[in-house]
Chemist: 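Here it is, the structure in full.
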Amino acid sequence: MKKLMSLLLIAVLAFSAVACSAQPNAAADSGSGTAAAGQAGDVTTITFMAQAGSPECMYTLIEKFEEENPDIKVEVNEVAANDTYDQLVLQTEANAAPDVYMTFWTISAATNGLAAELDEFIDIDSFKSRFTEAGQGYGEWEGHIYAIPYRSGCSVMFANATLFEQAGIELPYDGWTWNEFYAIAEQLTDPANGVYGYSICGDSSDTGTEWQFQSVLLQAGCELIDENNKAAFNNEAGVAAFEYILSMIDAGIIPPSIASTNVDQQGELMASGKLALFSDGPWFQSTIQQKAGDNYEIVALPMPTGVTSGSLAGGTALGMSSKSDNKEAAWRFIEFMTSDDSLNYWCEQFGQVSPLSETADTDYYNTQDYKMKLQQLRDPGTIVANHYPDSDALNSIMRGYIQAVYMGEMEPMAALNAMAEEWNVILDEYYGG
């Protein structure tokens, strides 16, 4: 299915991201890449759509790339992570698509003709040996590679370890059941002081809403899509997932503002000592810890187990626009940014999980937190996120119904049935059902 924005939206919004100013590059001290091949004075400028808040170490690598490739200039436009897909659509329609972009929605871009196939640039055997299965999964669709992994990981349970210590609760590194999770979250809740045991996103505009809920669906024993390419969550297991969350809303374990809760707010609450637990991708942990400073220790714990284990594996990859006029230069940039040296440097500096099968032997990759994230990533209940056609549209549908249930506007089964019906329209259009 082709996701095309209206011309009115294009006229109003398309050039907002193009006009974003490039960030200054920091001093380079690491990375490796392809040697420059252009003639002196003949410089190609490529545009790179990065997620807003990108760290200095990314700019360090970009400056290093430009030093080693003087025939290529990289112009960076930072866009809020939740807006990157829509901006790619808008900019493509306005004939101003970025040459390279950060993506966690690769399958949507691929199935809507926005992503270039990278098969011609890569050695598939090297690709499969270098990257983890999860890393490969969020860049591959129907036998073709559309993006190269940049950071990886799956949902873990973030915990304010200081609140656990103050309550005399041992951190459950060996795992916990839904019942045990509920009991601990309840014990850590202190409404009088504005402290809550657990939070889950409910903002219909935030991608964390479906991301966090889908892990609970998996733990309840649900599939997202069945072998017939139909939605598979409108059943008693899906209802159980909703009822588990609703029980914590009713008990006051989850903050009352759930319908407007987003990932940024969860991080702020945890960093300020007002939230004990929430789950999301490991890429958020370093940011939360920086905000918490020395006041609170933030750690990664395994996801709780319901009927079975469950988590979503994803991350960020680097893709190339199908409309790029600078594909050779764009590929050289992607190749450099995803080299072993660059990924080891970037992931360690920014506190990320590497998509590489083998990482550098440094203290960072041997910490308790890092090992915990790898353990969850390798759990058999962990699946690759967003691995379905037009995932951006399907996820947007899911977010709206999740919010409606959390707000008490719809019963769980009614919401799941309506959600599945809308999903199946899109899936049938793609698969010809």
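Everything quoted here is computed from the prediction, not taken from an experiment. One-based numbering along the sequence shown.
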Chemist: Go through the structure and list residues passing salt bridge (Lys or Arg N to Asp or Glu O under 4.0 Å) with Lys291, not counting sequence neighbours.
Modeler: Glu268
Chemist: Identify, with sequence neighbours excluded, every residue that meets side-chain hydrogen bond (donor to acceptor under 3.5 Å, both in side chains) alongside Glu348.
Modeler: Thr362
Chemist: What residues form a ring-ring contact (aromatic ring centres under 6.0 Å, His included) with Phe284, not counting sequence neighbours?
Modeler: none
Chemist: Can you name the side-chain hydrogen bond (donor to acceptor under 3.5 Å, both in side chains) partners of Ser155, sequence neighbours left out?
Modeler: Trp211
Chemist: Please enumerate all residues that pass side-chain hydrogen bond (donor to acceptor under 3.5 Å, both in side chains) together with Asp226, with sequence neighbours excluded.
Modeler: none
Chemist: With sequence neighbours excluded, give me every ring pair (Phe, Tyr, Trp, His ring centres under 6.0 Å) pair touching residues 241-269.
Modeler: Trp178-Tyr244, Phe213-Phe242
Chemist: Report the residues that fulfil ring-ring contact (aromatic ring centres under 6.0 Å, His included) with Tyr150, sequence neighbours left out, ordered by chain and then residue number.
Modeler: Trp346
Chemist: If the condition is salt bridge (Lys or Arg N to Asp or Glu O under 4.0 Å), which residues does Arg151 pass it with, not counting sequence neighbours?
Modeler: none
Chemist: Got a sec, which residues hit side-chain hydrogen bond (donor to acceptor under 3.5 Å, both in side chains) with Asp190, two or more places apart in sequence or on another chain?
Modeler: Asn193
Chemist: Could you name each residue pair satisfying ring pair (Phe, Tyr, Trp, His ring centres under 6.0 Å) that touches residues 382-410, not counting sequence neighbours?
Modeler: Trp141-His387, Tyr388-Trp423
Chemist: Would you please name every residue forming a ring-ring contact (aromatic ring centres under 6.0 Å, His included) with Phe127, sequence neighbours left out?
Modeler: Phe131
Chemist: With sequence neighbours excluded, tell me which residues meet ring-ring contact (aromatic ring centres under 6.0 Å, His included) with Phe164.
Modeler: none
